Amino acid sequence: MAGAIRVEVEGHGPVEVPAGATFRDVLAGAALPAAADVLAVATADGRTLDLSAAATAAGAARVRFVTFDDEAGLDVFRHSSAHLMAQAVTGLFPNAKPTIGPVVEEGFYYDFGADPFTPEDLERIEARMAEIVTQDLAVERIELTRDEALGLFADNPFKVEMIRDLPEGSISAYRQGGFIDLCRGPHVPRTGVLRAFKLTKVAGAYWRADARNAQLQRIYGISFPDAARLADHLRRLEEARERDHRRIGQEMELFSFHDEGQGFPFWHPKGMVLRNAVVEYWREAHRRYGYQEIQTPIILNEALWHTSGHWDHYRRNMYFTSIDDVPHAVKPMNCPGGLLVYKNRLHSYREFPLKVAELGLVHRHELSGVLHGLFRVRAFTQDDAHIFCTPEQVRAVVEETIGFMFEIYGTFGFRDVAVELSTRPLVGTIGSDENWANAEAGLEGALRAKAVEFKLNPGDGAFYGPKIDFHIRDCMGRSWQCGTIQVDFSMPDRFRATYEAEDGTRKVPVMIHRAMLGSLERFIGILIEHHAGRFPLWLNPTGVKVLPVADKFADYARHVAATLAAAGIRAEADLRNEKLGRKVRDAQLAHVNYQLVVGGREAEAGTVAVRTRAGEDKGALPLAEVVARLKEEIAGKE
RNA sequence: GCUGCUAUAGCUCAGCCGGUAGAGCACCUCCUUGGUAAGGAGGAGGUCGUGGGUUCGAUUCCCGCUAGCAGCUCCA
């Protein structure tokens with residue numbers, strides 16, 4: 001075939017098409033089973049092109065056809081969705097000036113120079129978008145000179161500004177029906193494939209993300225090739241809303257926030273029961289691992305923070321006060337206090353590794369706009385620990401800590417843990433080359449010894465030492481950084497902390513900072529959302545409710561509740577003047593693990609009728625047996 | 001911090017064009033004494049976030065403040 005082109009199609013093989021053919025022809029020649037789903041083409045050199053592009057395009061000798069399920073295809077799909085929205089918006093609001101409309105992690109957005117949109121406007125825009133999809137307009141690429149582009153977008157100052165910044169010869173636009181948008185592309189071939197979409201929110205934004213520039217109106221949306229996937233996505237969003245720990249915290253009376261203390265959580269009795277259950281387990285585990293526990297003051301002389309370096313590096317996040325006219329600061333971290341405890345007497349290498357834990361309440365000034373329930377607060381309790389050891393002990397200490405970390409996460413039901421190792425930054429570090437090499441080798445060696453898979457972040461360590469971070473994944477697939485192990489060459493030196501070594505000389509110990517849950521408050525927020533308030537028995541503030549079927553069995557119900565409480569089981573009797581059905585319903589909504597129904601038969605036989613949170617009716621069981629089984633379940637932290 | 005939206009009973013919310021407020025749930029009392037997801041009746045409960053302005057009169061309109069919510073890397 002004269003002038004034929006040969007294109008290697010991934011997953012298919014070579015396809016020959018005549019000169020001047022487009023990828024659409026290549027696709028037809030390849031006869032792929034999912035040809036109708038193909039949105040664009042990805043070249044071997046990493047570019048994505050339109051199906052209408054010439055098959056001779058640079059780097060296109062090897063290509064892959066991409067669909068929505070392909071990352072490149074997803075981007076094209078969402079970007080075309082943004083154009084679809086812009087077409088609808090400009091159709092309904094002729095004065096709206098489209099600016100930019102990129103793809104983001106959760107869908108896409110488009111910023112318009114326009115008056116604010118109302119929720120009703122969004123509905124109209126969605127309806128117009130649906131019409132355009134039905135019309136199944138062809139999406140065409142148009143190459144433009146700068147002058148042509150300036151002429152075409154003369155009425156849109158934002159586009160004009162963008163065109164001025166673009167190099168001549170690489171300016172393009174896309175047309176679908178009567179709508180033309182300046183765009184690099186690529187795009188889906190026809191509007192008809194953009195079947196399922198939802199405009200999710202409106203927000204203010206600035207031109208070029210600069211608050212000094214014009215205020216724009218941003219509309220966010222999400223789109224899918226079919227309604228089922230959109231419905232699935234919306235259902236997941238709804239589920240996340242239902243799991244919102246702020247809502248559950250209010251409903252289950254765990255904690256509250258008040259105007260009088262922005263970003264400062266108030267713990268209620270039920271929340272304290274949950275929190276204490278976490279802390280009791282934490283203490284028990286730390287005792288097992290040979291930790292000692294200390295507590296250091298919240299307010300300390302400002303001079304300490306000069307010594308520690310926080311005044312230089314962290315001042316803008318700290319709160320200051322004065323006592324008898326002497327400047328003091330509220331602690332944002334626990335280590336300086338911990339070092340004062342360490343320095344209170346001479347230490348010997350024989351005590352090492354010295355593991356000192358502190359549930360330390362720290363205060364940090366966070367910007368008001370970033371506060372978010374328990375996830376981002378201004379006062380929180382770090383489950384901190386400082387481990388003092390010799391350089392030789394680093395690896396063993398880290399190895400033990402990694403094992404401890406996984407044990408703790410596993411107990412709370414987090415088995416998917418991602419680990420990252422961050423090493424020495426290129427510039428601005430303190431500590432000797434030898435120290436860094438030893439510490440990095442210790443951290444990495446420990447990870448390998450524990451056969452932990454990890455991601456290496458070269459140069460991402462702190463200026464004072466390398467670190468390992470731990471991210472737990474919750475049941476919604478969200479990742480949370482909680483744990484950290486950081487080697488610190490700075491602090492012991494600044495505080496002139498020493499120990500007496502085997503050879504009788506005074507040496508500076510290695511200090512390892514370590515947190516597992518991170519912030520107790522935030523971790524409890526994560527727990528709430530992970531479990532959607534349906535806590536395991538050992539954590540649930542109200543694990544058991546005793547439900548008498550009528551008032552006359554209140555005494556027996558009280559007896560049952562008291563028996564459970566005496567055995568360390570958190571139980572309440574529902575003695576309200578309500579019917580059983582109502583009590584069952586309320587107990588269910590309160591996420592109680594077990595409902596124990598008691599009436600004449602049970603009172604007579606000394607039994608309780610057990611109903612589980614899953615709605616299972618276990619029938620009447622002897623009270624003593626139930627107590628034993630629940631105690632076992634609590635002990636096992638199931 | 002910035003932008004937008006919001007602020008009415010303990011909670012969730014309604015309240016038109018300006019004439020000092022309403023529902024459901026929760027709470028209290030009474031009736032009902034019931035066997036596995038809401039029994040009935042009655043009652044109490046609000047300085048309409050806060051400070052100003054406009055007005056004869058402001059929960060309502062305007063401005064400031066405070067707080068809450070969302071967004072604030074994403075470059076045609």
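It should be emphasised that the depicted structure is a prediction, and the values quoted were computed from it without experimental measurement. All chains are named by letter (A, B, ...) in the order of the sequence lines, taking the proteins before the strands, and each is independently numbered beginning at 1.
Closest contact between the side chain of A:Ile100 and the listed nucleotides B:G39, B:G35, B:C75 involves B:C75. Comparing B:C75, B:U36, B:G71 against the side chain of A:Arg218 picks out B:G71 as the nearest. Side chain of A:Tyr109, nearest nucleotide from B:C75, B:C72, B:C74: B:C74.
In this structure, A:His187 has its ring center closer than 6.0 angstrom to the ring center of A:Tyr174. Aromatic pair A:Phe266/A:His258: ring centres closer than 6.0 Å.
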Side-chain donor-acceptor pairs of residues 595-606 of chain A under 3.5 Å, sequence neighbours excluded:
residue  : atom : partner  : partner atom : Å
A:Gln595 : NE2  : A:Gln588 : OE1          : 2.9
A:Glu602 : OE1  : A:Gly599 : N            : 2.8

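Atom name P, nucleotides B:C69 and B:C25: the rounded distance is 28 Å, in whole Å. Across B:U60 and B:U6, the matching C1' atoms stand 16 Å from one another, rounded to whole Å. With both ends at atom C1', the span from B:U20 to B:G24 equals 24 Å, rounded to whole Å. Distance noted for atom P between B:C61 and B:U8: 15 Å (whole Å). Nucleotides B:A21 and B:C16 are separated by 14 Å at their C1' atoms, to the nearest Å. A gap of 25 Å separates the C1' atoms of B:C65 and B:G57, to the nearest Å. Taking the P atom of each, B:G15 and B:A23 are spaced 15 Å apart, rounded to whole Å. Taking atom C1' in both B:U54 and B:C13, the straight-line distance is 30 Å, to the nearest Å.
Looking at residues two or more places apart in sequence or on another chain, you find no side chain to side chain donor-acceptor pair (under 3.5 Å) involving A:Asp75. Residues forming a side chain to side chain donor-acceptor pair (under 3.5 Å) with A:Asp474 (at least two apart in sequence, or on another chain): A:Arg478, A:Trp480. By the ring-ring contact (aromatic ring centres under 6.0 Å, His included) test, A:Phe68 pairs with A:Phe77, A:Phe224, sequence neighbours left out. Take A:Lys270 and apply the salt bridge (charged side-chain N to carboxylate O under 4.0 Å, His left out) test, not counting sequence neighbours, and it matches A:Glu572. Applying the ring-ring contact (aromatic ring centres under 6.0 Å, His included) test to A:Tyr314 and every residue at least two apart in sequence or in another chain returns nothing.
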Dot-bracket for RNA chain B, please. Rules: Watson-Crick or G-U, both distances under 3.5 Å, ( ) within the strand, [ ] when a pair crosses earlier ones, | for another strand, . otherwise. (((((((..((((.....[..)))).(((((.......))))).....(((((..]....))))))))))))....
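Between A:His372 and A:Phe375, the ring planes are parallel. Angles under 30° get that label, and only those over 60° would be called perpendicular. Taking the six-membered ring where the residue is Trp, A:His83 and A:Phe179 present perpendicular rings, their angle passing 60° and hence far from 30°.
Among the heavy atoms of the strands, none lies under 4.0 Å from A:Ile163.
In this entry the distance linking CD1 of A:Ile219 with C1' of B:C5 reads 15 Å, nearest Å. What separates CD of A:Gln588 from C1' of B:U36 is a distance of 10 Å, to the nearest Å.
For residues 66-94 of chain A, proximity to RNA chain B is found at no residue, defined as any non-hydrogen atom under 4.0 angstrom from a strand atom. Within residues 599-627 of chain A, the residues having any heavy atom closer than 4.0 Å to RNA chain B are, in order of number, A:Gly599, A:Gly600, A:Arg601, A:Glu602, A:Ala609, A:Arg611.
Here the closest heavy-atom approach between residue A:Pro167 and residue A:Ile171 is recorded as O-CG1, 3.7 Å.
Partner A:Asp181 forms a salt bridge (charged side-chain N to carboxylate O under 4.0 Å, His left out) with one of A:Lys97, A:Lys159, A:Arg141, A:Arg175 and no other, that one being A:Lys159.
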Enumerate the protein-to-nucleotides 42-45 of chain B contacts in which both atoms are nitrogen or oxygen and the separation is below 3.5 Å.
none

Below 3.5 Å is the cut-off: list the nitrogen or oxygen pairs between protein and nucleotides 66-69 of chain B, distance only.
residue : atom : partner  : partner atom : Å
B:A67   : OP1  : A:Gln262 : OE1          : 2.8
B:A67   : O2'  : A:Asp259 : OD1          : 2.9
B:G68   : OP2  : A:Gln262 : NE2          : 2.7
B:C69   : OP1  : A:Arg246 : NH1          : 3.2

Between the protein and nucleotides 27-31 of chain B, which nitrogen or oxygen pairs come in under 3.5 angstrom?
residue : atom : partner  : partner atom : Å
B:C31   : N4   : A:Asn577 : ND2          : 3.1

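Comparing A:Lys552 and A:Val597 by the nucleotide of RNA chain B whose heavy atom lies nearest to each, the residue mapping closer to the 5' end is A:Lys552.
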